[in-house]
Amino acid sequence: MQLSFKVVACALCCGVLAGCSHLGKASGPDPVPISEPDRRVLEEDAQAGAASRKFQAEADEGRRRQIRDQYVFSRLALIDQAFILYVRSLSGNRRHLDSATEAAQMTASVAATLVDSVQAKTNLAAFIALVTGAKANVDKNYFESKGTDAILSTMAARRKEVLARILQALGSDSRAYPLLAAKLDADQYYEAGTMEGAFLVIQEEASKRNNAAQARIDGQQLVRNIQANLGSTAQADKRQLTRSLQPDSVSLAAATKALEELGVARSEMPRTLEAALDVLQEAVRNARTPDQVAQLKKAFVDAGIPLR
Amino acid sequence: MSTFLVEIIRDSLADFQERVADEEAGACEFSDNQVASEGNRPANLATFRRLGAGTLLAPARFAGIGAGPPGEVPRWTGVVVIGAEVLAVSMYRSGQ
């Protein structure tokens, strides 16, 4: 029975590894099937309670290791078989179903505008919107399916990590690696192939990168919607202020005086003309209401910066 | 040169164009737009590139595909959301 179990276990592992190498593809080799008699053997040998009782009752070291190893391999074989079936159900159908449904809805809503041949320009714009929308649909589902692939990759990597530890530990005697320790590792092997286990790993890795990522996001300025435009007068004033900041138009003294009026502390005052002009330009850039533009204009005039 | 994002929500293409002009009056250049949504509200996320102090470009003008100034090559083509409608538009700059 032990010899046939080992043959079955090896066959299962080969089948699972072959299946895992095709994760994310629509087609792939079917998992190696387990016959009913072999499945019963595996399930019986994978019962922790029964294995533990035999393990505790056995005094012979060689026999204890056999009981332990039999439990581990039976449990791993059943976990692997279930995992590959789970993965195939996750990655095989979802992508196609989502894309088909959303694309059909989008096509139906835009198709009506393409009927009238007289409105060529409107139809062309609508067609482009459809293509853009369809592309967004593909991109969205592409990234969603990539999310699933990322989760499955995390599962596969974590399972290999735990499996390597188990196989290495099985080289130890039954005192150094008792059946209870093997059971706990087998539990971890199972957890590694679950969504919850994958999310925990992803979360741990994500939190490590969070601070650096947040710093990058914070570095990209986002200006929220401003309800009203500047208006023609304020916009023209803003352009005038920008033109006035050309390097040959302004002295460092005048730029410094304008910055003082705008509240820049002496300790933070730029020391070169180029730097002072950059700071003033950023102030003009950030003026988004008529009042802000007017305040800047006053500072320029008071500082003696000629308006161009 | 660095870039920054500007959220733009407007009900007409002319207003969208003026909002872009307001930003470009401060020495920057419109370079791209993406339609995004926050909750149920669609919005434009326009990317602007900072230019050197004192730099002003010719005004950007937006028009529907094929409705731009005759003989002019568009500088950018993409989509904008105006009101609740997504429009395919091109951007032109005269004199460049």
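Chain letters run A, B, ... following the sequence lines, proteins first, then strands; residues in each count from 1.
Annotation: side chain of B:Arg19 is in contact with side chain of A:Arg288 (closest heavy-atom distance under 4.5 Å). For the pair B:Phe4/A:Arg285, a side-chain contact is recorded, criterion being any heavy-atom separation below 4.5 Å from C-beta on. A heavy-atom distance below 4.5 Å is not found between the side chains of B:Arg50 and A:Gln281.
Taking all atoms of both residues into account, the shortest heavy-atom contact from B:Leu56 to A:Arg243 is CD1-CG, 3.4 Å. Of all heavy-atom pairs spanning B:Ala21 and A:Gln235, the tightest one is CB-NE2, 3.4 Å.
For B:Arg61, the salt bridge (Lys or Arg N to Asp or Glu O under 4.0 Å) partners are B:Glu72, not counting sequence neighbours. Listed by chain and number, the residues in a side chain to side chain donor-acceptor pair (under 3.5 Å) with A:Asn229 are B:Arg10 (sequence neighbours excluded).
Of the two parts of A:Leu241, neither the backbone nor the side chain holds a non-hydrogen atom closer than 4.5 Å to a non-hydrogen atom of chain B. With a 4.5 Å cut-off on non-hydrogen atoms, A:Ala283 does not touch chain B at all. Heavy atoms of A:Gln240 lying under 4.5 Å from chain B are absent altogether.
Looking only at distances, a side-chain donor or acceptor of B:Glu7 sits under 3.5 Å from a matching main-chain atom of A:Asn225.
Among B:Gly64, B:Cys28, B:Ala25, B:Ala46, the residue making the largest number of heavy-atom pairs under 4.5 Å with chain A is B:Ala25. Taking B:Asp15, B:Leu45, B:Asp22 one by one and counting their heavy-atom pairs under 4.5 Å with chain A, the maximum is reached by B:Asp22.
Residues of residues 293-308 of chain A never come within less than 4.5 angstrom of chain B, heavy atom to heavy atom. Within residues 252-276 of chain A, no residue has any heavy atom under 4.5 Å from a heavy atom of chain B.
Note that OG1 of B:Thr55 and CD of A:Gln246 are 7.5 Å apart. Values are rounded to the nearest 0.5 Å.
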